[in-house]
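The next block holds one structure in the form of structure tokens; read it before the comments.
Residue numbering restarts at 1 for every chain, and letters A, B, ... go by the order of the sequence lines. The basis for the numbers below is simple: all heavy atoms, side chains too, and nothing from hydrogens, waters or symmetry mates.
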Protein chains: 2
Amino acid sequence: MNNVCKLCNIKSKAAAKLKDEEIERLSFNCTMVKFVKGDAIIKQGAFSTNVAYLRNGLAKIHITGPYHEQLVRIVKAPCYLGLPTTFGDKINQYSVTAVDTAEVCFIDISAFRYLLKSNTDFTHEIMMELCRTELEVFYRCANRTQKQMRGKIADVLLEFSDKIFNTKYFNMPLTQEEIGNLVDVTRESVSRVLTEFEKDGIIKIRGRNIEIKKRESLLMISTKG
Amino acid sequence: MNNVCKLCNIKSKAAAKLKDEEIERLSFNCTMVKFVKGDAIIKQGAFSTNVAYLRNGLAKIHITGPYHEQLVRIVKAPCYLGLPTTFGDKINQYSVTAVDTAEVCFIDISAFRYLLKSNTDFTHEIMMELCRTELEVFYRCANRTQKQMRGKIADVLLEFSDKIFNTKYFNMPLTQEEIGNLVDVTRESVSRVLTEFEKDGIIKIRGRNIEIKKRESLLMISTKG
DNA sequence: ACAATATTGTGATACACATCACATTTAGAT
DNA sequence: ATCTAAATGTGATGTGTATCACAATATTGT
């Protein structure tokens, strides 16, 4: 699979720092796999032997909590998946599942380690990524534990609209159960809050399609939780 | 301040990988500060110009949440403080405060970056640390959002007994308000649950001193939360 | 097109914990 | 030793959301 990584136009910021020779090495130790919605990309409990890079699509990071599944966060391409669990442990400590069709590059962990050793700019970018995501998790956790359910559900809608799809109309790829697992609310409550938001004219729902009609209201609900 | 780092017997695992020349460089860019209970070691909102290494003592990582302060976790020496916020952002995204007397080494960030570039074994250890702590935060968050208050308070007691002090008798350095901020429970509820645990003979409380009398009961409460 | 499964909606009720106000005790400063 | 501030304890009440059971709708597979 020569030149694929060199010609790839969705390289990570870290991979962009690699020299030709290193890119070539990457190409020989990299395989691209396509996934459909619901496919497991990384499995909690399995051995971690690859670094996964989401080239396009959406995925969800989820773990088994003390009582039920917790959705840690939604990840949007392009980005590395599972860096903490790939390096932090020999066994995957969480799962990553495709939320719709996705393309993932799997890089052999030894080759990745070699690159970490040989290119300090690459390593620096990877470390930056680890730092940023850990900070993000802190804030997410504070929000999840302190906000009330309307605020949390408003956050979900704002995240899909503003950060994932960049549009006020979008097709919600998550079920209400999954939304509930993302913000620690039961699917019945998710249903009720979404219906309430529609009744209040804040959003419009047509099946899975959602339109944000009053973004300021959502922002207010998000803030006041 | 020569030789101090070389002679230090509480080096981090990462620092243990450094060569003599690198250790010397560290010594010239490192200063040790003592803190008392309540002192701010890292301040949310301030510029991050140093890497902090907790040589001994206890500290708490805390952030300002949407409604009130959240205690992210208690850290026990020896370990780096604030790596994610030091590298992830120019401004500290969270605070670290001494929970009792503590000694902290502050390392100039440029010197630290130099070491990251020059010693890949050092960098590898730092990355391992980042990965492990991110995974830990995921699990903490799942526990905080899914467990009920008795389970969470049982967890705190077990953590202080099993991981921080390594003894069934210990002096609780946190107020009930702080315990509440660590597990998202009001101080009134913390008071009630601790009293209940004492009434049930699970723990014995004498002022700030706590004795774990029925560890298995706490484990069960933790699990059944 | 149809059947099976998954997802969502809804109403009634229960539960877990927060909130509030105030009293009491403990710790720290002088 | 005393005073002040912080921390803790307590009772009553309210609130937010979960739970449960079931019906209705949507999606998927054949």
Side-chain angles (χ1 to χ4, degrees), chain A residues 36-39 65-71 97 99-101 143-157 171-199 203-210 221 224-225, chain B residues 36-39 60 65-71 97 99-101 143-154 156-157 171-199 203-210 221 224-225:
Chain A
V36 296
K37 181 186 176 69
D39 281 351
Y67 293 101
H68 51 74
E69 164 121 325
Q70 167 150 129
L71 226 151
T97 302
V99 152
D100 61 17
T101 53
N143 285 337
R144 292 176 86 133
T145 52
Q146 292 187 20
K147 286 188 179 185
Q148 289 183 334
M149 65 180 190
R150 279 172 192 77
K152 296 191 284 189
I153 293 171
D155 281 343
V156 173
L157 294 172
N171 187 274
M172 172 57 75
L174 300 180
T175 65
Q176 288 181 0
E177 179 84 9
E178 288 172 324
I179 294 174
N181 287 342
L182 179 59
V183 292
D184 313 297
V185 158
T186 61
R187 64 153 192 92
E188 291 94 337
S189 297
V190 174
S191 177
R192 292 190 229 271
V193 171
L194 289 178
T195 299
E196 186 186 299
F197 283 175
E198 182 166 34
K199 207 183 232 172
I203 61 175
K204 184 142 188 68
I205 304 178
R206 278 182 293 266
R208 265 336 210 343
N209 292 304
I210 295 181
I221 293 167
K224 285 158 79 177
Chain B
V36 298
K37 182 184 175 68
D39 281 351
K60 62 183 183 182
Y67 293 102
H68 50 75
E69 164 123 322
Q70 167 149 129
L71 226 153
T97 301
V99 152
D100 61 17
T101 53
N143 284 336
R144 291 177 87 132
T145 52
Q146 292 188 19
K147 285 188 178 184
Q148 290 183 332
M149 66 181 187
R150 278 170 194 78
K152 295 191 284 189
I153 293 172
V156 172
L157 294 171
N171 187 274
M172 170 57 74
L174 301 181
T175 67
Q176 289 182 359
E177 180 83 11
E178 288 172 323
I179 293 175
N181 287 340
L182 181 58
V183 292
D184 312 297
V185 158
T186 62
R187 64 152 193 91
E188 291 95 337
S189 297
V190 173
S191 177
R192 292 190 226 272
V193 169
L194 288 178
T195 298
E196 187 185 298
F197 283 174
E198 183 166 34
K199 209 184 233 173
I203 61 175
K204 184 143 189 67
I205 304 177
R206 279 182 291 266
R208 261 348 215 324
N209 293 302
I210 296 183
I221 294 166
K224 286 158 78 174

For [X] and [Y], work out which heavy atoms get closest and say how close.
X: A/Asp184; Y: A/Lys152; value: O-NZ, 3.8 Å
X: A/Ser189; Y: A/Met149; value: CB-SD, 3.7 Å
X: B/Gly207; Y: B/Ile205; value: O-CG2, 3.3 Å
X: B/Pro173; Y: B/Val99; value: CB-CG1, 3.4 Å
X: B/Lys60; Y: B/Leu71; value: CB-CD2, 3.6 Å
X: B/Arg144; Y: A/Thr145; value: CB-CG2, 4.0 Å

Specify the separation, in whole Å, of atom [atom1] of [X] and atom [atom2] of [N].
X: A/Leu194; N: C/dT8; atom1: CG; atom2: P; answer: 9 Å
X: A/Arg206; N: D/dA26; atom1: CZ; atom2: P; answer: 14 Å
X: B/Gln148; N: D/dT19; atom1: CD; atom2: P; answer: 8 Å
X: B/Tyr67; N: D/dG16; atom1: OH; atom2: P; answer: 11 Å
X: B/Ile179; N: D/dG9; atom1: CD1; atom2: P; answer: 10 Å
X: A/Glu177; N: D/dT19; atom1: CD; atom2: C1'; answer: 13 Å
X: A/Glu198; N: C/dT8; atom1: CD; atom2: P; answer: 14 Å
X: A/Lys199; N: C/dG9; atom1: NZ; atom2: C1'; answer: 12 Å

Within the structure, does a side-chain N or O atom of [X] lie under 4.0 Å from either OP1 or OP2 of [N]?
X: B/Gln176; N: D/dA6; value: no
X: A/Ser189; N: D/dA18; value: yes
X: B/Ser191; N: D/dG9; value: yes

* Asked: With a non-hydrogen cut-off below 4.0 angstrom, is B/Thr186 in contact with a base, only sugar-phosphate, or nothing?
  ->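 Base: the residue B/Thr186, judged by heavy atoms under 4.0 Å, touches a nucleobase.
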* Asked: What does B/Val190 touch in the nucleic acid at a heavy-atom separation under 4.0 angstrom: a base, only the sugar-phosphate, or nothing?
  ->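 Since no nucleic acid heavy atom lies under 4.0 Å of B/Val190, the category is nothing.
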* **A/Lys147, A/Lys224, A/Arg150 screened by salt bridge (Lys or Arg N to Asp or Glu O under 4.0 Å) with A/Asp155, the one that passes** =>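 The passing option is A/Lys147.
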* To do: Let me have a per-nucleotide readout for nucleotides 20-30 of chain C, 5' to 3', with B, S or -, counting only protein heavy atoms under 4.0 Å.
  => BBB--------
* Quantify the bending of the helix from C/dA1-D/dT30 to C/dT30-D/dA1 as the angle between its end axes, each fitted on five pairs, to 10°. =>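 Result, rounded to 10 degrees: 70°.
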* When rounded to the nearest 0.5 angstrom, what is the spacing between CZ in B/Arg192 and CG in B/Leu194? ->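 It comes to 12.0 Å.
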* To do: Could you tell me whether a side-chain N or O of B/Arg187 sits under 3.5 Å from a main-chain N or O of B/Ile179, the two making a donor and an acceptor?
  =>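 Such a contact is absent between B/Arg187 side chain and B/Ile179 backbone.
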